[in-house]
Asks: 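Below is one structure. I have some questions about it.
Here the structure is a predicted model, which is why all the values come from computation and not from measurement.
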There are 2 protein chains.
Amino acid sequence: MAYSEAVSSGSLIILELKQIMAKDSKNADSYEAVPASLSNSAGFLLNMAARSIREKVTAALEPLGMTTQELGLLRILDGQGANTQQALCNKHNIDRTTMVQIVDRLEERQLVMRQQSTEDRRANLIHLTPRGRKTLAKANRLTKKQQEQFLMPLSETEWEALRQSLIKLLVHHGRGKTD
Amino acid sequence: MAYSEAVSSGSLIILELKQIMAKDSKNADSYEAVPASLSNSAGFLLNMAARSIREKVTAALEPLGMTTQELGLLRILDGQGANTQQALCNKHNIDRTTMVQIVDRLEERQLVMRQQSTEDRRANLIHLTPRGRKTLAKANRLTKKQQEQFLMPLSETEWEALRQSLIKLLVHHGRGKTD
DNA sequence: TATTGTTATACTCTATAACTATA
DNA sequence: TATAGTTATAGAGTATAACAATA
């Protein structure tokens, strides 16, 4: 289940937090302490939160037989129109050979279509099919619900602040190709 | 490089943001637009931010030959003392068989030690060795620097708000075993 | 009978190297 | 000579199933 994704994956921080919050309650003993450093670790907190919503979204997409990665690709195609595989690689930050497999799977399910580019006959333009568009709409509906559930503990203001902070971090650490 | 980790991995959001910010600049055209939905996607933003810091920390740990996952385990052992493999599994949320391999690798490098529990002779207590403690101290120094760099674009107040929001989310969605 | 740790095995995701067809 | 896509292959990281020792 876990990738080597977190400075410390798992549920410890939650346990610690519950312990702190239940300090005066009789249930405190059923939770374990955790090094305080973890609740100050940006990596730990971000990875845990990311993992939490990713798992929820992954589960929500399961009936559609779609992965979060595939959803991301479909969203790019929906927002930007047809792209070559190479362009998708740059935008999604994955390898050419991996892209072949992802597009293979999407094409099998007729969610996208390969079309040789007339401008450069080496390149495939990847098109979203009507079926792909419909599936994407379903996926967006499902994931919207997940996001709402996930963000429930935050107020609108808090979510907006979180959003802005994350955007700031991403802009500042912008990696990736500019195409 | 990318796991199927993000609703959409890659650098698109960054491109979009730069585009917005450079709207009046002559460089705007070198960036690509991206579906606006992605900048509102908690999954996308969290996964991208998590991935960004994770990659930095992973790189920083490379000279120590340590993964972020291993660092997490060492921190647990440092904060809580010896744990059985099973306990570590619950806390780290990974499989028994995977834990065997992780502990194998840590033991090879003499960062931890297996010791049969006297209370339950089936169980191994995993101890941090002096060498493990020293390596952990080094790792903590390195990762502290990474975190500071990563959080640079945020003010103290913003980081504290981000931290609190992430903690709220984790507490509310607390999964994992309570041991 | 259930649980801890282990081994053997397999699956998923990803990347490297070599190929083809274009440019 | 370089690039887009493909194929075969290999490497991580993880999990499932079966087993030994112990509870």
Asks: Report the distance from atom CG of A/Asp104 to atom P of C/dT12, rounded to the nearest whole Å.
Replies: 15 Å
Asks: Starting at atom CD of B/Gln101, determine the distance to atom C1' of C/dT9, rounded to an integer number of angstrom.
Replies: 11 Å
Asks: Quick one: salt bridge (charged side-chain N to carboxylate O under 4.0 Å, His left out) partners of A/Glu119, sequence neighbours excluded?
Replies: none
Asks: Once you round it to whole Å, what is the distance between C1' of D/dG11 and CZ of B/Arg105?
Replies: 13 Å
Asks: For C/dT6, does OP1 or OP2 lie under 4.0 Å from any side-chain N or O of B/Gln85?
Replies: yes
Asks: OP1 or OP2 of D/dT14 sitting under 4.0 Å from any side-chain N/O of B/Gln69?
Replies: yes
Asks: List the residues meeting side chain to side chain donor-acceptor pair (under 3.5 Å) with A/Glu62, not counting sequence neighbours, and say none if there are none.
Replies: none
Asks: When you measure from the side-chain N and O atoms of B/Gln86 to the phosphate of C/dT4, is any distance below 4.0 Å, counting only OP1 and OP2?
Replies: yes
Asks: Mind checking whether B/Asn83 and B/Ile126 have side chains closer than 4.5 Å, heavy atoms only?
Replies: no
Asks: With sequence neighbours left out, what residues match B/Arg96 under salt bridge (charged side-chain N to carboxylate O under 4.0 Å, His left out)?
Replies: none
Asks: Given atom CG of A/Leu73 and atom P of C/dT14, what is their separation to the nearest angstrom?
Replies: 11 Å
Asks: Under the rule for salt bridge (charged side-chain N to carboxylate O under 4.0 Å, His left out), what residues qualify as partners of A/Lys144, not counting sequence neighbours?
Replies: A/Glu148
Asks: Would you mind telling me which residue lines up with the more 5' stretch of DNA chain D, B/Ile102 or A/Ile126, judged by nearest nucleotide?
Replies: A/Ile126
Asks: Using atom names, set out every protein N or O paired with an N or O of nucleotides 18-20 of chain D below 3.5 Å, distance rounded to 0.1 Å.
Replies:
none

Asks: Identify, with sequence neighbours excluded, every residue that meets side-chain contact (heavy atoms from CB on, under 4.5 Å) alongside B/Glu160.
Replies: B/Arg163, B/Gln164
Asks: Between P on C/dT3 and CG on B/Asp95, what's the gap in Å once rounded to a whole number?
Replies: 15 Å
Asks: Residues of residues 110-125 of chain A with any non-hydrogen atom less than 4.0 angstrom from an atom of DNA chain D: list those, numerically ordered, please.
Replies: A/Arg114, A/Arg122, A/Ala123, A/Asn124
Asks: Can you run down the salt bridge (Lys or Arg N to Asp or Glu O under 4.0 Å) pairs that involve residues 125-142 of chain B, sequence neighbours left out, and say none if there aren't any?
Replies: B/Asp78-B/Arg133
Asks: Report the distance from atom CD of A/Glu107 to atom P of D/dT6, rounded to the nearest whole Å.
Replies: 8 Å
Asks: Which atom pair, heavy atoms only, marks the closest approach of A/Thr143 to A/Leu71?
Replies: CG2-CD2, 3.8 Å
Asks: When the distance from CZ of A/Arg51 to P of D/dG13 is rounded to whole Å, what number comes out?
Replies: 15 Å
Asks: Excluding sequence neighbours, so at least two apart, what forms salt bridge (charged side-chain N to carboxylate O under 4.0 Å, His left out) with B/Asp95?
Replies: none
Asks: Whole-Å distance between D/dA12 P and B/Glu70 CD?
Replies: 13 Å
